[in-house]
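Reading through the structure tokens given below for one structure.
All figures in this text were calculated on a predicted structure; none of them were measured in a lab.
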Amino acid sequence: MEQINMRLSIVVNMYNTASFLPRCLDTLLDQDIPADSYEIILVDDGSTDNSLELAQEYAAKSTSDATMPTIRVEHHANKGLAGARNTGLKAATGKYLCFVDPDDYIKNQSLSALLNQMDEENLDVLRFNYQKVDEEGNYLADSEMESSFDYSSKIMSGIEFMQDRLTTSCYVWAYIYRRELIIENDIYFDESCYFDDVPWLPRVLPLATRMNIINKRHLYYTQRKGSLVHTVNSTAVKRKIDGQMKLLQILHDHKPNLRIKDWYNRMYTHLVVSILTTVANNLYSMRNEYIDRIKEYNLFPLSPDKMLKNNKHKITLINLNPKLFMWLINVKNKK
């Protein structure tokens, strides 16, 4: 049941992240908004460590401590990140909604500025900046794409944002959303896709009539050595590549507004360059299979894009001959 005074729902997905969870939750509790104005929904996705027990301890304490926000625990077995986010989304009751991964954490005493801007500017979506950190909390440098992101404040539509600002980094946790926008349009995460952020965000943003950007680092994004995007394990690499192929299929099946077609082309190009590079580095014997599968989506020639300028030479070579591109990478690896 929706609570009238609930301004914000924070959804935290959990899977075997007990070593990070207390840090995440402690920052969510150290905030500058009334405790009864926000809720924390912890969704355990079948953890085999003590993540669930830790979450239940925090939830139990919140029921007897009036200085704490409501903490609720949802539990199911292995639906994956998308499934956990969907469970949290369905359980949320707040006017606004945000997602926080359990190995990340937010800036102390920072929520009021975000929520006040949502209220004062009547926003559907607010994008904020973040700081990359390692597992010990040490600051990491921004990538060139992150450094060049345009954080200048301007009220715009979500379509305008996708046209002019959105890169290939589609982190759902870098935004606050008006929850009604998502619920009324029945937009849930695709549970068949490992990279669930990417197909979800371009379905939400075009619905936003008013959004803005704030250039303050409100979240600390932890770069974990064992995460899927940073792994060197051969089985996980294959999973990553096939996840990107699935993502190509999902995006290809979308029927985007023509005004955001350039963003889709940008993402297609980014994914194809990444897939072919990873296959050449790790699964070279399967190169023909992946090239043939990509060709089914009629994505060649890849579209160049100003936000992908670092890949300009790769895009040119792939358009000339994708097999030659992969052969050159493979040869370089053998040196």
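- A salt bridge is defined here as a Lys NZ or Arg NE, NH1 or NH2 lying under 4.0 Å from an Asp or Glu carboxylate O, and K95 with D119 meets this definition.
- In this structure, the side chain of T222 does not engage the main chain of E135 through any donor-acceptor pair within 3.5 Å.
- With N212 contributing its side chain and L126 its backbone, the two residues share no donor-acceptor pair below 3.5 Å.
- Taking the charged nitrogens against the carboxylate oxygens, K61 and E57 have no contact shorter than 4.0 Å, which rules out a salt bridge.
- The nearest pair of heavy atoms linking I176 to L115 is CD1-CD2, 4.3 Å.
- A ring-centre distance under 6.0 Å is found for F99 and F189.
- Note: F149 and Y151 have tilted aromatic rings, judged against thresholds of 30 and 60 degrees for the angle between ring planes.
- Just one residue in the list F128, W200, Y96 forms a ring-ring contact (aromatic ring centres under 6.0 Å, His included) with Y177, and that residue is W200.
- By the 6.0 Å and 45° rule, R287 stacks over the aromatic ring of Y284.
- No donor-acceptor distance shorter than 3.5 angstrom exists from the side chain of N330 to the backbone of M326, with no hydrogens or angles considered.
- For Y188 against I183, the heavy-atom pair with the smallest separation is OH-CD1, 3.8 Å.
- Side-chain N or O atoms of N321 include one that pairs as donor or acceptor with a backbone N or O of L324 at under 3.5 Å.
- T277 contributes no side-chain N or O that, together with a main-chain N or O of S274, makes up a donor-acceptor pair within less than 3.5 Å.
- For the ring-ring contact (aromatic ring centres under 6.0 Å, His included) criterion with Y105, the lone passing option out of Y221, Y220, Y130 is Y220.
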Taking it one step at a time, do M156 and I213 satisfy side-chain contact (heavy atoms from CB on, under 4.5 Å)? CA-CA 9 Å; M156 69 196 94; I213 299 171; 4.0 Å; yes
Show the atom names and distances, to 0.1 Å, of all donor-acceptor pairs under 3.5 Å that link a side chain in residues 307-314 to residues at least two apart or in another chain.
unit_1	atom_1	unit_2	atom_2	d
N310	ND2	E144	OE1	3.2

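- Judged purely by atom type and a 3.5 angstrom limit, W263 uses its side chain to pair as donor or acceptor with the backbone of T167.
- Ion pairing between R72 and E39 holds under the 4.0 Å rule for side-chain N and carboxylate O.
- Closest of all the heavy-atom pairs between P206 and L201 is CD-O, 4.3 Å.
- At a threshold of 4.5 Å between non-hydrogen side-chain atoms, the residues R266 and S303 do not count as touching.
- Here the closest heavy-atom approach between residue G94 and residue S9 is recorded as N-OG, 2.8 Å.
- In this structure, T168 and M145 have side chains that are in contact, with non-hydrogen atoms separated by less than 4.5 Å.
- H75 is not listed as a side-chain neighbour of V43, based on a closest heavy-atom distance of 4.5 Å or more.
- Nearest heavy atoms, A280 versus N333: O-ND2, 4.2 Å.
- A donor-acceptor pair is defined here as one N or O able to donate and one able to accept, closer than 3.5 Å; no such pair exists between the side chain of Q117 and the backbone of N122.
- Qualifying side-chain hydrogen bond (donor to acceptor under 3.5 Å, both in side chains) partners for T48, counting only residues two or more places apart in sequence or in other chains: N16.
- Minimum heavy-atom separation, D142 to R217: OD2-NH2, 3.0 Å.
- Considering only heavy atoms from C-beta on, L276 comes within 4.5 Å of I294 through its side chain.
- Counting heavy atoms from C-beta on, the side chains of D104 and C24 never come closer than 4.5 Å.
- Contact annotation: the side chain of L54 approaches that of P22 to within less than 4.5 Å [non-hydrogen atoms, C-beta and beyond].
- Distance alone, capped at 3.5 Å, places no donor-acceptor pair between the E74 side chain and the A91 backbone.
- Between R85 and the options D45, D101, D190, a salt bridge (Lys or Arg N to Asp or Glu O under 4.0 Å) holds for only D101.
- Screening D30, D32, T27 against Q109 for a side-chain hydrogen bond (donor to acceptor under 3.5 Å, both in side chains) leaves a single residue, D30.
- Looking at R210, its side chain does come within 3.5 Å of a backbone N or O of E121 through a donor-acceptor pair.
- Side chains of V272 and I315 form no contact here, defined as non-hydrogen atoms less than 4.5 Å apart.
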